[in-house]
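Scroll down for the structure; my scribbles are underneath it.
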Amino acid sequence: RSTLFPYTTLFRSPYSETLGLVGESGCGKTSVGRTLLRLQEPTAGQALLDGEDLFALEPRELRRRRRRMQMVFQDPYGSLNPRLTIGDSVAEGLEIHKLARGPDLKARVSQLLEEVGLDRSYATRYPHEFSGGQRQRIGIARALAVEPDLIVCDEPVSALDVSVQAQVLNLLIELQAARGLAYLFIAHDLAVVRQIAHRVAVMYLGRIVETGATETILAEPKHPYTIALRSAVPEPDPTKQKQRIVLAGDPPSPATPPSGCPFHPRCFHPKKDQRCEVERPELRVVGGVRVACHYAEWDATAPTKPMHAQETA
């Protein structure tokens with residue numbers, strides 16, 4: 001899917017900012033995160049870290065840059081080696097990059113565990129002895145061990161209970177403030193993204209369709225797909241009625257995307273016409289955000305009700 005994401009992605013370090021990457025399952029969010037870190041090789045585009053193109057680095061140079069880029073994976077159990085103690089897992093990066101050894105290594109591991117809210121005595125335990133939230137904290141400690149500038153968080157709270165989600169999100173926010181970290185936060189839950197992200201990029205079928213400040217996009221989305229995503233966010237007040245937009249059909253295959261605008265087969269825009277079927281829209285500035293839609297200048301707060309929309313409480 002990297003061929004469908006030929007944009008330049010720029011992170012400044014330290015940046016203390018979070019970019020939320022949202023979209024439905026299969027749109028390519030995880031592929032973007034893995035490609036940025038060269039866990040899978042790109043076929044086009046650039047990823048600039050302090051002006052240096054990560055995609056152009058040779059293996060030896062890339063290995064030296066690994067300290068600056070880390071990842072927190074979606075599955076907090078599958079990302080940990082069940083044969084290693086928690087202390088060994090956290091210490092692995094420190095040993096590889098020769099950042100600590102002997103008594104200093106043990107002290108550093110203890111400090112990292114306490115920094116993410118775990119007792120230092122847990123270092124001798126194994127992953128199966130912890131809850132999902134605790135395992136995700138261990139994954140965060142492991143990512144922090146080599147003192148990175150950028151952390152890719154691949155849906156780090158999607159497998160956790162709501163109360164535990166809040167704890168992990170608050171931990172990430174506190175660590176960002178203390179360490180000056182930049183996050184690429186991959187998620188499909190806009191409520192979670194609103195809590196942690198400063199900017200948001202909405203992805204559909206491997207391409208960014210809207211990007212801008214989080215509050216601006218969530219308050220006044222311009223792209224029909226973003227509007228549909230926002231309508232799916234539950235309303236905490238049961239007395240309020242909202243329009244739930246249910247998109248017709250299934251997403252096309254990223255391997256064979258539709259001609260023109262990739263969203264046009266499912267689009268409910270009142271001005272949708274033949275141009276959408278033949279001409280692919282490029283990102284352009286509309287109302288303070290960048291949006292890939294030919295007809296983004298519309299009253300998105302009160303869209304025409306499509307045939308496949310339904311009223312929900």
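Every heavy atom of this structure was used, including side-chain atoms; hydrogens, water molecules and symmetry mates were not. Just so you know, residue 1 is the first one in the sequence shown, and it goes up from there.
Contact check for Arg230 versus Pro221: side-chain heavy atoms found under the 4.5 Å cut-off. When side chains are defined from C-beta on, Tyr204 does not count as touching Cys27, because their heavy atoms never get closer than 4.5 Å. You'll find the side chain of Gln111 stays beyond 4.5 Å of the side chain of Arg120, heavy atoms only. Residues Lys272 and His294 have side chains not in contact (no heavy-atom distance under 4.5 Å, counting atoms from C-beta outward).
Leu181 and Leu99 fall within the same hydrophobic cluster, where Ile, Leu, Val, Met, Phe, Trp and Tyr residues are linked whenever their side-chain heavy atoms come under 4.5 Å apart, directly or through other members. Residues Leu175 and Ile173 are members of one and the same hydrophobic cluster, defined by side-chain heavy-atom contacts under 4.5 angstrom among Ile, Leu, Val, Met, Phe, Trp and Tyr.
Each of His264, Lys271, His269 was evaluated against Cys276; a single residue qualifies, His264, per the side chain to side chain contact (heavy atoms under 4.5 Å, CB included) test. Tested against Asp149, the residues Arg67, Gln70, Arg68 include a single side chain to side chain donor-acceptor pair (under 3.5 Å) partner, Arg68.
When hydrophobic residues (I, L, V, M, F, W, Y) are linked wherever their side-chain heavy atoms come within less than 4.5 Å, the members clustered with Val286 are Val291. Hydrophobic cluster of Val162: no remaining members, since no ILVMFWY side chain lies below 4.5 Å from it.
Of all heavy-atom pairs spanning Tyr225 and Val209, the tightest one is CD2-CG2, 4.3 Å. Contact record, Arg137 with Gly117: NH1-CA, 4.0 Å, taken as the closest heavy-atom pair. Scanning all heavy atoms of the two residues, the minimum distance from Ala201 to Ile208 falls at CB-CD1, 3.9 Å.
Remark: the backbone N or O of Leu49 is not paired with any side-chain donor or acceptor of Glu52 at under 3.5 angstrom.
Shown here are the ring pair (Phe, Tyr, Trp, His ring centres under 6.0 Å) partners of Phe185, two or more places apart in sequence or in another chain: there are none. In this structure Val164 satisfies the side-chain contact (heavy atoms from CB on, under 4.5 Å) test together with Leu160, Asp161, Val168, sequence neighbours excluded.
Leu171 contributes atom CG, which lies 10.0 Å from atom CD of Gln136 (distance to the nearest 0.5 angstrom).
Side-chain contact of Gln176 with Ser16: a donor-acceptor pair under 3.5 Å is absent, judged by distance alone.
Salt-bridge annotation for Arg194 and Glu215: present, with a side-chain N of the basic residue lying under 4.0 Å from a carboxylate O of the acidic one. Ion pairing of Lys222 with Glu210 is absent here, as no side-chain N (NZ or NE/NH1/NH2) approaches a carboxylate O to less than 4.0 Å. The pair Glu24-Arg266 counts as a salt bridge, with a side-chain nitrogen and a carboxylate oxygen less than 4.0 angstrom apart.
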Just list the side-chain donor-acceptor pairs under 3.5 Å for residues 245-256, sequence neighbours left out, or say none.
from: Ser253; atom 1: OG; to: Ala255; atom 2: N; distance (Å): 3.2

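In Arg284, the CZ atom is crowded: over 12 heavy atoms of neighbouring residues, nucleotides or ligands sit closer than 6.0 Å.
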(request) Go through Phe263 and His223 one step at a time and tell me if the ring pair (Phe, Tyr, Trp, His ring centres under 6.0 Å) criterion holds. (result) CA-CA 10 Å; Phe263 188 63; His223 197 280; 5.6 Å; yes
(message) side-chain hydrogen bond (donor to acceptor under 3.5 Å, both in side chains), that's the test. Do Glu277 and Ser259 meet it? Break it down for me.
(response) CA-CA 6 Å; Glu277 300 178 11; Ser259 60; over 6 Å; no
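In this structure, the ring of Tyr77 has its center no less than 6.0 angstrom from the ring center of Phe130.
Listed by first and then second residue, the salt bridge (Lys or Arg N to Asp or Glu O under 4.0 Å) pairs that reach into residues 82-105 come to none, sequence neighbours excluded.
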